[in-house]
Amino acid sequence: MTLDRRQFLALAGAGAAVAGTAQTAKAQPVKTTAKIVILGAGAGGAALANRLAERLDGAQITLIDGRKEHWYQPGFTLIGAGLKPASYSVSGTGEWLPSGTRWVQDYAAEIDPESKKITTRGGEVVEYDYLIVATGLTLDWGAIEGFSLDMVGQDGIGALYAGPDYAARTWAAMDRFTDEGGDGLFLRPATEMKCAGAPLKYTFITDDRARRKDTRGKVNMTYAAPQTNLFGVPIVHEKVRMLFGDRGINTHYGHTLTAIDPGKKRATFATAGGATELPYDFLHVIPPQRAPEVIRNSPLPWADKWTDQGWIEVDKHTLRHARYPEVFGVGDICGVPKGKTAASVKWQVPVVEDHLVAQIAGKEGTEMYNGYTSCPLITRIGRAMLVEFDYNNNLTPSFPGIIAPLEELWISWLMKEIALKATYQAMLRGKA
Amino acid sequence: MKDLTFETLIAVFEQIFGRGLFWAMVVAAVLVTVAFLYALIRDKGVISRYFLRAEIMAPVGAVAAILFVQFMTSSGFRDIGGPIDVIVLILIGLAGAGAAVFLAYTVQALLSKNEA
């Protein structure tokens, strides 16, 4: 057979055109005129809005969120490690919302699940048939006496949970500390918190930075936990305990930060034996975490659980509210035993989508959330453990026999560094 | 990973490289493949002296690919922690080597007016 260049290109082009027309079969959208309100346009709200816009035909989807910026929160540790700029975690809320949905750029001031109405701070009343609560949580900085956010980045105070700019300032303070040496003090709050691995990661990263600068000899590292463990999943706690031993990081259990004295550089902890003080040259503050006030003032939280925190009363498998069947929760706001991470959101969104769409179609949903949470636990820059677990504290590795969950691996770091943000953004678009 | 479909994978790669760069790379890869196939059909097979010369590029491609990934991810050889890491390193090296040979062969074949 003889073929000149032009004929060959024509043939190749035809082949590409045939390949391009192949499409995957999709479920027919459900026709409805339902009014769906999504409270919060963060990771959970945006992902669900995109999914519902695909699955429903004719629904009025309204998102209520006053925040213009979307924060990729898993990036905060990388910013705090000095590996990424603050802009790494910042995009616009509007970029992630599907066309055809309405975005009310204001915060909710009142939720009335009896009459199915939300009132915004600006006074707008939004009625709903179905409500998805995806507000996230609030960081209670005021609970730490003597601390204020304007201190972050100065006098050895870090707080990377506060946002991308604060994470960058935390790096500035940690960078200075690992140059000069002294007492490094790390901790977590007594409440439920988002990404319980992050405080540990930042401890490991600080240790690694000091080692790389050859200053580890003059750096003293201490981790204080209010609980009796370093991580809620016992097998992970044991592994971290061994790693802390290996890296020479001291631990205090039953210690809850209550106050700091920035002048004297001392932190006060509540313990079973009364208040105790620890010195610091670098302190990484993580405050107690609670539901936003508008949720705590509504009838949605549990009456007998987490009463100081206010998480909403949802079924832990379907995420449907226990008392208001047209209300669902997704993300940090859910009163479930685990799952305040973006990875949990990724697993929760298809469950809420399934039950909500089924309910609109007059059917029963079948998807169940098993408490899946994942944490690429960085143990130094370049290595991480891909820890995944469920409600029962079972490890649930995505790649069993290939990526060991409790081994410090380069591949797990690669996932955190390059694949995670991409997967997260695909999730926001409803694609993952 | 949940719902790891082909569509998800495309979305993930678009996010890693940016939509423009990713599709530019896909187009470049397709063009090189098409050019290679064209040369293959035109020359009625692989010309061994081009292939031999192209093979010199294999180690260069392998090392370049590994260093590129390490540079992009703030990591190094000291971070290899287990067997899977060694496998990933080898796979990245093989991909780089293969791509370099493929590209070198195609460039030589296209530049030469010689038809066997």
Could you tell me whether A:K338 sits above the aromatic face of A:F389, with NZ or CZ closer than 6.0 angstrom to the six-membered ring centre and within 45 degrees of the axis? no
inquiry  = Does the plane of the ring in A:W347 sit parallel, tilted or perpendicular to the ring in A:Y372? Use 30° and 60° as the thresholds.
reply    = parallel
The interface call for A:L409 against chain B, heavy-atom contacts under 4.5 Å, is both
So, the part of A:E408 with a heavy atom under 4.5 Å from chain B: the answer is backbone
When the 4.5 angstrom heavy-atom criterion is applied to B:I10 and chain A, the contacting part is neither
Cut-off 4.5 Å, heavy atoms of chain A, and the answer for B:I92 is side chain
Row check, A:Y72 ring normal vs A:K84 NZ/CZ: under 6.0 Å, within 45°
no
Minimal heavy-atom distance between A:Y424 and A:A43, with the atoms involved, is OH-CB, 3.5 Å
So, the part of B:V30 with a heavy atom under 4.5 Å from chain A: the answer is neither
Heavy-atom closest pair (B:A54 atom, B:Q108 atom, distance to 0.1 Å) is N-NE2, 3.6 Å
With chain B, the option among A:R380, A:K416, A:M427 that has the most non-hydrogen atom pairs under 4.5 Å is A:R380
